[in-house]
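Every heavy atom of this structure was used, including side-chain atoms; hydrogens, water molecules and symmetry mates were not. A quick note: this is a predicted structure, and the numbers were derived from the prediction, not measured.
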Amino acid sequence: QWYTLKENDIDTYIVERSPDAIYFTEIGRIAASGNSNTLLAYALVDSKPEMGLMYYRLIPSNKPVQSVTIPLIGYKYRGKDGDLELDDVKNLTDN
């Protein structure tokens, strides 16, 4: 999930995934508001996550203008029952 505070002429957000942070595959697209000066929330679920460490990146896209790629995030998927929950992450950062 991600948030925007201001959008100018953005029509789509593209989410991509990579096992090596070099070659990426698109996993989904979300329609953007286009133009906004208010806080907006977006989310996209990886419906077919792969085991192990994966890298994700977000690309705001505007058809008439070139896209800009946002820096990567890494996420280690441990399977349906072994994955970290949000509360687990909060507990780790509280210690």
Quiz item: What is the ring orientation for Trp2 with Tyr42, classed by angle as parallel under 30°, tilted 30 to 60°, or perpendicular over 60°?
Solution: parallel
Quiz prompt | Asn8: partners by side chain to side chain donor-acceptor pair (under 3.5 Å), with sequence neighbours left out | solution = none
Practice problem: State which residues pass side chain to side chain contact (heavy atoms under 4.5 Å, CB included) with Leu39; sequence neighbours excluded, sorted by chain then number. | Solution: Tyr3, Leu5
Quiz prompt | Nearest heavy-atom neighbours spanning Glu7 and Ser33 | solution = OE1-OG, 2.9 Å
Practice problem: Could you pull out all residues at least two apart from Asn37 that satisfy side chain to side chain donor-acceptor pair (under 3.5 Å)? | Solution: none
Exercise. Quick one: closest heavy-atom pair of Ser18 and Tyr23, and the distance?
Key: OG-O, 2.8 Å
Quiz item: For the atom pair CD (Glu16) and OG1 (Thr25), what is the distance rounded to the nearest 0.5 Å?
Solution: 7.5 Å
Quiz item: Which atom pair, heavy atoms only, marks the closest approach of Ile30 to Ala43?
Solution: CD1-O, 3.2 Å
Practice problem: Could you name each residue pair satisfying salt bridge (charged side-chain N to carboxylate O under 4.0 Å, His left out) that touches residues 32-47, not counting sequence neighbours? | Solution: Arg17-Asp46
Quiz item: About how many Å separate CD1 of Ile14 and CD1 of Ile27, when rounded to the nearest 0.5 Å?
Solution: 12.0 Å
Self-check item: From Asp20 atom CG to Leu53 atom CG, the distance as rounded to the nearest 0.5 Å
Solution: 10.5 Å
Quiz item: Who passes side chain to side chain donor-acceptor pair (under 3.5 Å) against Ser36, sequence neighbours left out?
Solution: Thr38
Exercise. Determine whether Asp9 and Asn35 make a side-chain contact, defined as any pair of heavy atoms from C-beta on separated by less than 4.5 Å.
Key: yes
Quiz item: Rounded to the nearest 0.5 Å, how far does CG of Leu58 lie from OG1 of Thr4?
Solution: 10.0 Å
Quiz item: In the hydrophobic clustering (ILVMFWY, side-chain contacts below 4.5 Å, transitive), which residues join Val45, or is it alone?
Solution: none
Self-check item: Validation row: Tyr13, Leu44 side chains within 4.5 angstrom (heavy atoms)
Solution: no
Exercise. Scan for salt bridge (charged side-chain N to carboxylate O under 4.0 Å, His left out) pairs involving residues 21-39, sequence neighbours excluded, and state none if there are none.
Key: Glu26-Arg29
